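Below, each value reflects all heavy atoms present in this structure, side chains not excepted, and no hydrogens, waters or symmetry copies. Since the structure is predicted, the reported quantities are computational estimates derived from the model, not experimental observations. Both counts, for ligands and for their atoms, begin at 1 and track the order of listing.
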Amino acid sequence: MDYYLECVKCGCRFPSSYNKQTCGRCSSILEVIYKGNAKVPPSRNFWDYEKLMPKGKYKHYQVGSTKMIKSKRHSNLFLKVELTNPTKSFKDRGSVIEIAKAMEYGYNEIAVASTGNMAYSLAYYAKKEGIAVSVFIGRVANPDKLADILRMHDAKLHMVKGDFTKAQAYAAKYASTSGAFLSGDYCYRKEGQKTVGYEIAAQLPDATHIIVPVGNATLISGIYKALKDLRRCGTIKRMPKLVAVQAKGCAPLVKAFNSSSTVKYEAPKTSADAIAVGFPTFGDQAIEALHGTAGMAMMVTEKEMIREQKNIYEDHGMVVELASSATVAAFNKLALKKSDKVAAIISGGNV
Ligand code: F0G
């Protein structure tokens, strides 16, 4: 769909031909604003939602369209299994959009800061398109986790002394000096990742809650965007409550929401490395999503995540990341009615 980009901070607008993902005036993040109102098709297939994505030339890679399975342990819990994506996480949904945009704007290199999965995903598609990748990974994000995979995709790995937030600043600086396309948790990725929300609505139309693991909050704010589309189209009458989950050792969004304050940086101390993000880029938008759905935010402990990781393996034979089992750990803490139906996002399986 036709669109323009709008800065979330200063409101500055840029046409779709603008070839960056941050504001040219104040460097803040941008939001994709569509010029029309496309209908959300009743579908479980990623590319059926192309009309709700930024106009672009997309190669229809096999991404998304993931299954939802009923939990064997809890009768009102349904697992949205994102580890069947090609690089084993929901990140592929956003990467195919970002890579197509980088190509459209004529870039031959992208730069990305990541806790691991996003870099793996971008490197996978960049290699297919012959684009170079520079990856910035912080030490607390377990840089060993994906180092081998990134080597297979010829990505240039920059180890950053510090955490993801530091790596993010390095990636932005590198992009501005090298001329690489700054990629990662920015506006185009969000437009791909929001499709998780459309698919959940097609698979579990009467969902009362959607539990989402939060790092940069791109996924949760994207799902909120999808829920608004679904309500506009009359597909859903009442929005499911969004439940944001973070590890107790890194919960800046949960703390901000539960104390009605703004998001403040917190040094990550958790082994759920995928969501070890001290300052969520889309934090303000996530808070809006929680208010807009009468949602809630909760923390889970390392022990709780590890216990559910084992339970998911025992019940379903799936090896999932702690960022994924975090959602099931949060499910256990919800006060639910018998009639409630809860979707929990099992976001990744790179362990
Ligand atoms: N689950 C997994 C497996 C992830 O890799 C991430 C984020 C999240 C949940 C949280 O999603 O950031 O949109 O709130 N991983 C990023 C990365 C930060 O670099 O791979 P979010």
Side-chain angles (χ1 to χ4, degrees), residues 29 66 80-85 87-95 98 111-124 133 135-138 140-143 145-146 149-150 155 160 163-165 167-168 171 183-197 210-225 242-247 250-254 263 268 270-283 285-287 289-290 297 300 305 309 318-328 330 344-351:
I29 51 169
T66 55
K80 178 67 173 157
V81 184
E82 287 297 302
L83 41 136
T84 53
N85 275 291
T87 72
K88 299 199 210 156
S89 85
F90 69 96
K91 293 285 175 182
D92 290 340
R93 297 173 182 267
S95 297
E98 275 201 298
V112 58
S114 174
T115 57
N117 289 328
M118 193 152 57
Y120 174 20
S121 176
L122 276 168
Y124 179 75
V133 186
V135 171
F136 294 79
I137 290 200
V140 296
N142 188 358
K145 177 184 177 188
L146 294 168
I149 292 164
L150 294 175
V160 173
D163 62 2
F164 171 82
T165 304
Q168 212 176 20
S183 305
D185 276 316
Y186 297 103
C187 55
Y188 288 124
R189 166 164 304 278
K190 190 180 190 179
E191 297 308 304
Q193 291 174 184
K194 72 181 179 187
T195 57
V196 175
I210 301 177
I211 314 181
V212 190
V214 171
N216 265 319
T218 317
L219 179 61
I220 195 165
S221 54
I223 291 175
Y224 182 50
K225 210 165 176 179
L242 286 174
V243 182
V245 186
Q246 293 191 300
C250 184
L253 178 80
V254 178
V263 182
T270 173
S271 44
D273 51 275
I275 49 171
V277 175
F279 187 78
T281 306
F282 284 94
Q285 288 72 18
I287 286 183
L290 295 177
V300 291
M305 288 187 280
Q309 189 182 40
M318 298 189 292
V319 182
V320 307
E321 297 194 30
L322 293 184
S324 304
S325 58
T327 60
V328 180
I345 298 178
I346 305 297
S347 50
N350 285 306
V351 288

>> Would E321 count as a polar contact of ligand 1, with the cut-off being nitrogen or oxygen pairs under 3.5 Å?
In response: no
> Just by modelled atom types, is the I345 backbone N or O under 3.5 Å from a matching donor or acceptor in the T327 side chain?
Replying inline: yes
> What is the closest protein heavy atom to atom 10 (C) of ligand 1, and at what distance does it sit?
Replying inline: G215 N, 3.5 Å
> Is there at least one pair of N or O atoms, one from Q193 and one from ligand 1, spaced under 3.5 Å apart?
Replying inline: no
> For S324 and ligand 1, does the shortest N/O to N/O distance drop below 3.5 Å?
Replying inline: no
> Would you say the side-chain atoms of R189 and T218 include a donor-acceptor pair closer than 3.5 Å?
Replying inline: no
>> If we only consider heavy atoms of A217, is any one of them less than 4.0 Å away from an atom in ligand 1?
In response: yes
>> Run the salt bridge (Lys or Arg N to Asp or Glu O under 4.0 Å) test against E191 and tell me which residues pass, sequence neighbours left out.
In response: K194, K225
> When you check the side-chain N and O atoms of S89 and E321, is any donor under 3.5 Å from an acceptor?
Replying inline: no
> Going by the atom numbers of ligand 1, which of them fall below 4.0 Å from some non-hydrogen atom of I275?
Replying inline: 8 (C), 9 (C), 10 (C)
>> If I apply the N/O under 3.5 Å rule, does G348 come out as touching ligand 1?
In response: no
> So which bit of F90 gets within less than 4.0 Å of ligand 1, heavy atoms only: side chain, backbone, both or neither?
Replying inline: side chain
> Of D185, T165, T115, which is the lone residue that meets side-chain contact (heavy atoms from CB on, under 4.5 Å) with N216?
Replying inline: D185
> Nearest protein heavy atom to atom 4 (C) of ligand 1, by residue and atom, and its distance?
Replying inline: A274 CB, 3.6 Å
> Do side-chain atoms of D92 reach the backbone of T87 as a donor and acceptor pair under 3.5 angstrom?
Replying inline: yes
> Are any of the N or O atoms of S89 closer than 3.5 Å to those of ligand 1?
Replying inline: no
> Identify the closest protein heavy atom to atom 20 (O) of ligand 1: which residue and atom is it, and at what distance?
Replying inline: M118 N, 2.8 Å
